[in-house]
Amino acid sequence: MAEYDLTTRLGEYLDRHLVFPLLEFLSVKELYDDKEMLKGKLDLLSNTNMVDFAMDVHQNLYPDQQVPTVLKDKRGQVVNELKTLQAATDVITKIFEDPEVARTIQNRDGRQLCDFLYQEKGFRPDMVETLYNYAKFQYECGNYSGAAEYLYFVRALLAPNDKNFMNALWGKLASEILMQNWDVALEDLNRLKDIIDHNTFAGDLQLLQQRTWLIHWSLFVFFNHAKGRDTIIDMFLYEPSYLNAIQTMCPHILRYLTTAVVTNKGRWRGCMKDLVKIIQHESYTYKDPITEFIECLYVHFDFDGAQKKLRDCETVLSNDFFLVACLDDFIENARLLIFETFCRIHECISIGMLAEKLNMAPDDAEKWIVNLIRNARLDAKIDSKLGHVVMGTQAVSPYQQIIEKTKNLAFRSQVIAQNVEKKLGHSKQEVNQWGMQE
Amino acid sequence: MSRFFKAGSDSESETESSEDDEIIQQRPSAAPVQSRTFQFSDDEDDSRRIVRSAKDKRFDEMTNIIQQMKNHKQIKDMANVLNDFEALIKAADKAKKVIQEEGVPRFFIRCLFDLEEYANECWEDKEWRKSISKNNSKSFTSLRQKLKKYIREKYEKEVNDYKENPDHGDDDKRDETPAPQDEESEDEVDTPVKAPVKPKLPAPPVIKKQLPKSMDDDDDDDDDIDWDSSDDSVESDIDDEQFDTGKLTAEYFLKKSDSGTSKKEKKRKEPKQMKLEETDEEGDWEEVKGGAPLIMERPKMFGKDQEINVDAVLKKLYEITSARGKKGTDRNEQIELLKELREIAETNNLGLGIDVKLYFNIIGAIFDYNPNTLTSMRNDVWESCLSYLQTLLNILIDHPEVNVGEHIKEDDENLTEAPLYVRGCFLTLVEKMDEEFTKMLQSCDAHSTEYVERLQDERQVCDILEKTLRYLEIKGTTLEISRIYLKRIEHLYYKFDTSCVYTGDNEPKKEGTSEQTMDKLCKFLYTSETPDRLRTRAILCHIYHHALHNRWFQARDLMLMSHLQDNIGHSDIPTQLLYNRTLVQLGLCAFRQGNIRDAHNALVDIQSSNRAKELLAQGLLPNRQNERTPEQEKIEKRRLFPYHMHINLELLECVYLVSAMLLEIPFMAAHEMDVRRRMISKNFHHVMKMSERQTLIGPPESMREHVVAASKSMKTGDWKACKNFIINDKMNAKVWDLFFQPDKVRDMITVKIQEESLRTYLFTYSNVYDTLSLHTLAEMFELDMSVVHRIISKMIINEELMASLAEPTQTVIMHRTEPSRLQSLALQLSDKFLTLVENNERILEVKQGIYPFQNKRDRNDRQPGTSAAFQHHTQGEGYGPPTSKSVTNNQHWNRRNNKNYSRESRNY
């Protein structure tokens, strides 16, 4: 299943540290050669300060070799550096440990806080820089909680136009993700998104790049946070700038978007059409079993194909770091999708065939259908002699059509009326108050 | 002298001054100026000798006739030209004896040759031919025939000889005469005045007056090295040739003075020349051929003992170039002089700098050669131009130490020492060359061999571009690189490169295909700091190239990303034309790939106006009701794309109609019952309607008829007939074989026809069936079961077809939903309501502003029951007529609003 593995493509847009979980996951799944994985990890570690981890990996990779001296030297260096930085930031940490300061941080914005600190606590502007460096170093060493904590202060203190401001935000987000504080991460994510969206200075290309990164990083949050599946749809599908970024830079994200839509039962009706359009649009640049499943179902109405793809989807999902958690959800919902579409088209279906299409045993399928009928999700009867499911009649009578059509007319007219009145009132207000009486 | 010239100059502006008496006064002096070259020596003879030889007399007669003819030619008075021609033949007959003795006079042959050229040129000028009177055109035709016959019978050899070795002095005249002048019509009024006046002119006195004066002037010209030092290098002249025998003495004397005069003339005429150029009146009949005498005075470059060094050459160069653009400067002569100067410089080893500089000047002079911007270069000039460009380019490439550029000032030039700096921009020359090339192609008949010959130069042009590109990549600025890149792109994008089309997936990607070149060039332009126009054009060319090679997705994405659809209206017209071409190519590409809807959408704008030809700049539409002024027409003509870049219009229309058919026929079948009928393609409906109007419909002949016939059979679901109408030998030859891989396209069309016919069939006949077997359908339309299943499923899902499938029996079960009359009326009514509300919402959206309802209120005030007008307005947008109920509803609305408004209006 390595052909559908996206780790390499995702890795392009992720921070080094964020790739570790992915690699960890892959080595568990044993999709690739063990040795290669370890080598990859070692490569990845070479530019970080997580020397101990690197040594570990090295040991695993070459059990018969000594740990190279380079790593040992580096360890010493890192420790030294850590110590100097620690010493430099000691003063600052003291300031922040003051409960009064903590309170101020919560209540005031950056500038006020700075003024407060400068005046009251003997804080110096260059200290922010020191703090930032320290946080970065902590992050490099893999001490994410420490990094997050310091970055929190840094972010509060830095002006939005500082060169380190964005970096601090990204660092904070990465730290929170790696610590798996999903609530905080989501908050940070939204903050970062706001800033990117409202950035008018950066060029289009830069914005596109930042959005692409944000999209990838957000996958961690969205597939782990409870509300993530909703948010991912809103952000990826309904914010044109992000949709554009996906289309131009990283169509592989469509896999995650599709999964999110499929597993989010409540939003099928609204989103499916838009999703299908995009999948079709991008089908030439990216396809995998998951998008093909949707394509089969909604473009070609090829239920056999959909069913085959669904089987593929299972393996793909179980091998995807982000999606492995929603595998069952996905399969169940995908079945429902197939069935729903099937029912809309057919009047009479044999249970045997249905079972095959749904990738289930006939008895299970019957049970499943019975459950659906019992839960009033399906207007149908089972003819057990012939083994058929017979749908309720769907023909729409003209009366119903008329009712459908005119149902919201009154409401819409009312909205217009209100709008008109509002506007009139508004324009009259400008002249004088006289018109308000109506 | 001043009087003479003053008179001359005044007469130049004769078209402007309309007072008759003035014209008449001036004419006597003006005429001899022109005829002088021919009459000169003779007149002089007259004054000296009373007895003339038979030869002189005869020739004199002929010259007079020729002169007259020339005048008539200029005003395109064909009847008179014909008369003159006949008179000339008679005179020639009379002079037969003399001719036998003396040989055919050169001037006569030239006249014949000129006349022939002239006739041909007039013949080409179709516009003019249409506009002339019947009498004139009759004369013209007979003139042409007679002339041809005459030349063929008598002087074929001589004329051919002449053709090969024309008189230089005449070039410039010949170039100017054919230019069709708009002022001609005005001139025509003057003709009767001119023609009779001229022969009666007392020429000799004028000359006499003129002679001594010019002699005097000669003395004043101390500063003029050219003339004083060069008397010895006398070459043959037109006059010389005309009267080449006898009277050498008189001739000799005359020539000197003549040259002096003409020299002076040249100087004096400067301002005149400017004026001339401004008003674009080169073809005016008073044109003075100052060039002719100049030739015979062609000077030796340098004195015998003069030291030839860089400074001397430069000085000479400035001397030559300073005459540029002045009236009477013989442009051909200038080129020759420059060439000679370069040779001298070369033989004297004056170095690269001078060489490059002179090359720049020569090429510049060649481009200058053609004074009229409308006509193209002559072939030989063009060829020499190409070869000079090549040479210069090679020099520049081989010697990187030579720096050229427009930014280098004359003073900063360094022509001798190692880092050479020469003023001049090679890129501009290349661009100019490209422009000339297009012009040449435009002026050729696209179906002639001449066009093919010229087109062969494309290779050389591309070669030069390529070399320049490589040169500039090293030396040029970003902007220069961008410019040459774009030029290269513009020569590349429309050419189909078979190596770019991948037939199979496993085929290895080839190196150096035009796709990669395009990619490289365009990407550079996208990323570098180039003007928007260059970038826009590059994108368009890139899209075009993608589309041409069936890379539909890339082309589409690029088009969407460029956002050109929104702002193309603000760009210049050539770019808009390019956009149209690109759009059309995109549509064709979509069609080939089977994306019928995209194809239709891309082509609909171009096709719906019936002006595809004009929109693609592939030809002008006939000028109806004088929509365009002649100026506009000229401009438009210049914008036309050369023939080899054209997109086949019939193919375009056919693709459009077939896509429209595939979309429209099922749509019509589905919405037959609808009251509110919308059309997908108006053009298609129009074509259908036209055929319905015909009383007798025979078997289809044209492409359009084929499509119409196919549409008709598709309507009944007869896909085979439909297919046979669309794909047959006739249509293959006309349309489909023009595609690359036509079989693929035909297969695609067949499948589409099958599918859409199935849909049409289901829509049309679903009400007569209760159930339909999928197998039968699959058989009927020769489609796979799965395909039929897919199509029907899609129709059910989209609620186009009220039916459902029964899986165990593999049948379609129709759900009868035929509404009763009352029901359908009720449905219609509900539709109306919907539109009404939608309209109201839209109006509310539109009328947003500070006083959002002011306009509406005005309307209401004027017309209390506005709803009718209001409805009328929406009707224009394509909605159905109002029913009584919706009107009342609307009135109600308005009344309520009115109340508000009246109160509001009191406030103001």
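FYI, side chains are in, hydrogens and waters are out, and symmetry mates aren't considered; it's all heavy atoms of this structure. Every chain is numbered from 1 and lettered A, B, ... according to where its sequence line falls, protein lines coming before strand lines.
Not a single donor-acceptor pair under 3.5 Å links the side chain of Asn595(B) to the backbone N or O of Asp598(B).
With a threshold of 4.5 angstrom between heavy atoms, Met561(B) approaches chain A through side-chain atoms but not through N, CA, C or O. His300(A) touches chain B through backbone and side chain together, each having a heavy atom under 4.5 Å away. Of the two parts of Ser793(B), the backbone and the side chain both hold a non-hydrogen atom closer than 4.5 Å to a non-hydrogen atom of chain A. Heavy atoms closer than 4.5 Å to chain B are found in the side chain of Phe303(A), but not in its backbone. Only the side chain of Ile813(B) comes within contact range of chain A, with heavy atoms under 4.5 Å apart. With a 4.5 Å cut-off on non-hydrogen atoms, Leu822(B) does not touch chain A at all. Looking at Ser350(A), the atoms closer than 4.5 Å to chain B (heavy atoms on both sides) sit in the backbone and in the side chain alike.
Scored by the side-chain hydrogen bond (donor to acceptor under 3.5 Å, both in side chains) test, His542(B) finds Asp519(B), Tyr526(B), His546(B) as partners (sequence neighbours excluded).
Between chain B and the residues Leu205(A), Leu409(A), Ile349(A), the most heavy-atom pairs under 4.5 angstrom are made by Leu409(A).
Between Arg790(B) and Glu755(B) a salt bridge is recorded (basic side-chain N to carboxylate O distance below 4.0 Å).
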Run the side-chain donor-acceptor check on residues 271-282 of chain A: report pairs under 3.5 Å with partners two or more places apart or on a different chain.
{"from": "Asp274(A)", "atom 1": "OD2", "to": "Tyr238(A)", "atom 2": "OH", "distance (Å)": "2.6"}
{"from": "His281(A)", "atom 1": "ND1", "to": "Arg556(B)", "atom 2": "NH2", "distance (Å)": "3.4"}
{"from": "Glu282(A)", "atom 1": "OE1", "to": "Thr285(A)", "atom 2": "OG1", "distance (Å)": "3.2"}

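Aromatic rings from Trp368(A) and Phe339(A) are positioned such that their centres are separated by under 6.0 Å.
Side chain to side chain, Asn244(A) and Tyr242(A) fail the donor-acceptor criterion of an N or O pair below 3.5 Å.
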